[in-house]
Amino acid sequence: MVSRALLPVTIQTAPGAEHRAPSTEHRAPSTEHRAPSTMPAVSKGDGMRGLAVFISDIRNCKSKEAEVKRINKELANIRSKFKGDKALDGYSKKKYVCKLLFIFLLGHDIDFGHMEAVNLLSSNKYTEKQIGYLFISVLVNSNSDLIRLINNGIKNDLSSRNPTFMNLALHCIANVGSREMAETFAAEVPGVLVAGDTMDSVKQSAALCLLRLYRTSPDLVPMGEWAARVVHLLNDQHLGVVTAAASLITSLAQKSPEEFRTSVSLAVARLSRIVTSASIDLQDYTYYFVAAPWLSVKLLRLLQCYPPPEDAALRSRLTECLETILNKAQEPPKSKKVQHSNAKNAVLFEAISLIIHHDSEPTLLVRACNQLGQFLLHRETNLRYLALESMCTLASSEFSHETVKTHIETVINALKTERDVSVRQRAVDLLYAMCDRSNAKQIVAEMLSYLETADYSIREEIVLKVAILAEKYAVDYTWYVDTILNLIRIAGDYVSEEVWYRVIQIVINRDDVQGYAAKTVFEALQAPACHENLVKVGGYILGEFGNLIAGDSRSSPLVQFNLLHSKFHLCSVPTRALLLSAYIKFINLFPEVKTTIQGVLRSDSQLRNADVELQQRAVEYLRLSCIASTDILATVLEEMPPFPERESSILAKLKKKKGPGNLPGIDDVRRNVNGSAEHGQNAEEAKKAPAQPFTDGLSLNSSSSPGANLLVDVFSDNSAPPTAEVSEENFHRFVCKNNGVIFENQLLQLGLKSEYRQNLGRIYIFYGNKTSTQFLSFSSAVNSPDLLKTQLIVHAKAVDPVIEGGAQVQQILNIECVSDFTEAPVLNIQFRYGGALQNIAVKLPVMLNKFFQPTEMASEDFFQRWKQLGAPQQEVQKIFKAKHPMDTEVTKAKILGFGVALLDRVDPNPANFVGAGVIHTKNVQVGCLLRLEPNTQAQMYRLTLRTSRDSVSQRLCDLLSEQF
């Protein structure tokens, strides 16, 4: 039986719909992979006139009430037909099941008709069987009692060898795609796929069905002898089979590359035949004069799972293919229609991705870079965006870095003239990636110029990049100081602490820049309006090195102090605290201003300041200046010693903001995918030199700390997924609430909305992409320990494999509580961001108390039941310290949120809280009574729970006691 409240409201697409455009950014239309065309012709007699009339009636309703009335009338009619003594023929069942499906799609609950739909599976008529499968795919829950009958019907169709029926069965398996389906058919579908007598259309469906099962439950798809045989489908004569197989093999190869390594030679051979063929040779699979673009893209993606082929002949053949693709890009277009250019460019960009991935053919890399350079001037915005994005990766290759640099003027022009902010952001990324010592000053100057008018959303990122480049490639320290101060002046609000901390570290560590830095910040502070970050830098540097410019009457000690103190009242508390420290430093540097500064420290605004930190500093600094001798004062307030060298926190902050694996390399030692060092005239030195932090560009004299080499990890772009630790940070916050954000990092926000009824629940998971870049190969799976699988059944609907930048997608989890449990399922999320595979594991807040039904009880009933549950094993009591303020209204809200009914005037002590409810599971119902006794004087609680099962009492007590 299917729960009314928990029926899904969306239809999964057929397996064939999985193959849309090669890339959404390429904008290629999706007509290549339709469902196999095995549908029999439908005769005129199969038209359902009654259904058409009903739909017409609904559309003609003038109000919502009229629509509901018409639907209720039809539901009553269908129910009477199904319950009538007269057996319905197949046509009538089909018609009425279609009506139920239409009513459901209008948003109304359907609680009958499921058996009739299952009966349609046994029909020998295509149209009747099709409607049965459609109804099952949409309305039948995987936990339904009918699932066994459905599985039997699917098995019968798979074994029938009728291609039409086999396709319908495979589509149903893929559309449902549940773990239960995978358990039942994961071992059977591969047999259909590799069987010698299977028709081509069925092979297509079987390959895509297996791909769906593998994506939803990879652990249930066994790697048997079929794995070796499925590779040979790349040689199949039917290109539809090859395309479906390419998608399947690519997913399998990402997890088990060695088992599918033989696919490389077959993929190269097939790709070679496609790119060298005339469009008329592949007429059925030619799209606007482009031969099999979808298949070409999939083969190129498959090859990106492996390094360059070791076999010289195979490598040469692949190189020829890539050269042919690049050559075709230079040919005049064969059609003016956008579909032609989209398909052609989709193949080209995928070929360039493969060239970049291999990073071993200098000629191809340079040609790819030149081709992308032409796209930088294209009128199509998408092409300019993709060209900039690809060139960011090319800039890190030893072979193509110099070629990328030749396009610097074009990129700078794009930064100034582009209307689309996302294209401008990619231009900034490319400038950052192509920067080296030869062009650092030009690039930094252009970034600073653009920063004044840049979009607010990317200003912080530009600030971090300018700070990194200025530090990395500075050979003139005056230029570095000027750059950072300009940065603060232009975009002070976006200059993080890491940036101004870093400039102070460098100034302190370099004697030859200290005087210039003091002079420069003194001049900058004379502006009428200074950003607070500039005041921080000025206060720190003048406090340390103001004596270096005190000889000039224009910057005498008193002038310096008055200049700093004129900013004091405009600053926040932390900045004022820093300025007070600068003042006491002035007393040590300039005894002549001691009286003036003591007067400031002695003022009521300091000694009686409302902020305890400022008050304490003023008192302590005043006493120190009064009682300490000159020698002691000089010892206490001596110059800061040089900072030990360490990895820059600015780069780590940028990597965190951009996301792992999405940071273009800037080091002189650039690395290709095979790990070799690079580029240009510095290649040999790079091979000899040990890895150094990028701050060596400033030649800081301090000895390198053991942590310095950690910077290598910041630069690395390891695509292997990190081990995902299960996030439990917000788990207990959901004990008494059902909605909120359960997980968030710099890439992804995970929101939940839950609803429960008796032993059934539904969780809506909202995945929010916080970046401007697509998440690719996005998948999620709910994993549970073996014991929990028998206690809690979780069925997850499929989630979209691509999440656009800034977009949000929804996934639905249907839950059934079979028996009481203590563990919680874990949601494992995997996706590719910027080429790196991300793994995230979040503990789902599915607790036993979610299946509470509140129960209202009178005082006599409560205490009677309380006494009945008096056995020692039925009671759990816990006395604990209050973790939060003991607020009565908050406590009431938490108990209600826990799921029980709050019973008023039951306990003799009105300060106590009493609740009652029933835990609903499929196997048993467990009554629960609770009593919470607060002691406000001792700030303690005593929680007592009594239930008919001791394990339930203990679990509920543990959950609830954590909330107070």
Any side-chain heavy-atom pair of [X] and [Y] under 4.5 Å:
{"X": "K203", "Y": "H238", "answer": "no"}
{"X": "N828", "Y": "N839", "answer": "no"}
{"X": "L318", "Y": "L354", "answer": "yes"}
{"X": "C305", "Y": "P257", "answer": "no"}
{"X": "S353", "Y": "R301", "answer": "no"}
{"X": "V444", "Y": "Y473", "answer": "no"}
{"X": "T286", "Y": "V290", "answer": "no"}
{"X": "W226", "Y": "L210", "answer": "yes"}

Run the side chain to side chain contact (heavy atoms under 4.5 Å, CB included) check on L365 and H358 step by step: do they pass? CA-CA 10 Å; L365 284 161; H358 284 172; over 6 Å; no
Looking at [X] and [Y], would you say the former's side chain and the latter's main chain have a donor-acceptor pair under 3.5 Å?
{"X": "D455", "Y": "I458", "value": "no"}
{"X": "R424", "Y": "R419", "value": "yes"}
{"X": "T417", "Y": "N413", "value": "yes"}
{"X": "R229", "Y": "V194", "value": "yes"}
{"X": "S256", "Y": "A253", "value": "no"}
{"X": "S400", "Y": "V366", "value": "no"}
{"X": "K328", "Y": "V275", "value": "yes"}
{"X": "R270", "Y": "L299", "value": "no"}

Is there a side chain to side chain contact (heavy atoms under 4.5 Å, CB included) between T262 and L266? Walk through the geometry before answering. CA-CA 7 Å; T262 55; L266 298 178; 5.6 Å; no
If you take all heavy atoms of [X] and [Y], which pair is closest and at what distance?
{"X": "H340", "Y": "P333", "answer": "NE2-CA, 3.9 Å"}
{"X": "A267", "Y": "L303", "answer": "CB-CD2, 4.0 Å"}
{"X": "E446", "Y": "K416", "answer": "OE1-CE, 3.2 Å"}
{"X": "A387", "Y": "L376", "answer": "CB-CD2, 3.9 Å"}
{"X": "G373", "Y": "H407", "answer": "CA-CE1, 3.6 Å"}
{"X": "Q774", "Y": "Y833", "answer": "O-CD1, 4.3 Å"}

Output the distance between atom [atom1] ([X]) and atom [atom2] ([Y]), rounded to the nearest 0.5 Å.
{"X": "I325", "Y": "Q371", "atom1": "CD1", "atom2": "CD", "result": "12.0 Å"}
{"X": "L302", "Y": "L248", "atom1": "CG", "atom2": "CG", "result": "10.5 Å"}
{"X": "C435", "Y": "H401", "atom1": "SG", "atom2": "NE2", "result": "8.0 Å"}
{"X": "L271", "Y": "T276", "atom1": "CG", "atom2": "OG1", "result": "9.0 Å"}
{"X": "I249", "Y": "L234", "atom1": "CD1", "atom2": "CG", "result": "4.0 Å"}
{"X": "R273", "Y": "L295", "atom1": "CZ", "atom2": "CG", "result": "10.0 Å"}

Assess whether salt bridge (charged side-chain N to carboxylate O under 4.0 Å, His left out) is satisfied between E350 and K298, documenting all intermediate values. CA-CA 9 Å; E350 208 61 53; K298 291 181 186 301; over 6 Å; no
Salt bridge [X]-[Y], side-chain N to carboxylate O under 4.0 Å:
{"X": "R317", "Y": "E320", "result": "no"}
{"X": "E402", "Y": "K405", "result": "yes"}
{"X": "R384", "Y": "E380", "result": "no"}

For a side chain to side chain contact (heavy atoms under 4.5 Å, CB included) check, start with the C-alpha distance between L748 and N769, then their side-chain angles and the critical distance, and finish with the verdict. CA-CA 5 Å; L748 179 72; N769 183 347; 5.8 Å; no
Can a donor-acceptor pair be found between the side chains of [X] and [Y] at a distance below 3.5 Å?
{"X": "E409", "Y": "Q442", "result": "yes"}
{"X": "R215", "Y": "S777", "result": "no"}
{"X": "S397", "Y": "D359", "result": "yes"}

Take I840 and L747 through the side chain to side chain contact (heavy atoms under 4.5 Å, CB included) test and state the conclusion after the steps. CA-CA 11 Å; I840 296 171; L747 302 179; over 6 Å; no
Please state whether the rings of F375 and F349 are parallel, tilted or perpendicular, taking 30° and 60° as the class boundaries.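 Ring orientation, 0 to 90° scale: parallel.
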Just say parallel, tilted or perpendicular for the rings of F831 and F778, cut-offs at 30° and 60°.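 Aromatic pair F831/F778 classed parallel.
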Salt bridge (Lys or Arg N to Asp or Glu O under 4.0 Å) involving K344 - partner list, sequence neighbours excluded: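 With neighbours one apart ignored, the set is empty.
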Determine whether the aromatic ring centres of Y287 and W294 lie less than 6.0 Å apart.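 Distance test on ring centres: under 6.0 Å, yes.
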So with a 6.0 Å cut-off around CD of Q330, is the heavy-atom count from everything else above 12?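 For Q330, atom CD is crowded (more than 12 foreign heavy atoms under 6.0 Å).
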Taking everything shown except E310 itself, do over 12 heavy atoms lie less than 6.0 Å from its CD?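 No, CD of E310 has 12 or fewer neighbouring heavy atoms, counting only those of other groups under 6.0 Å.
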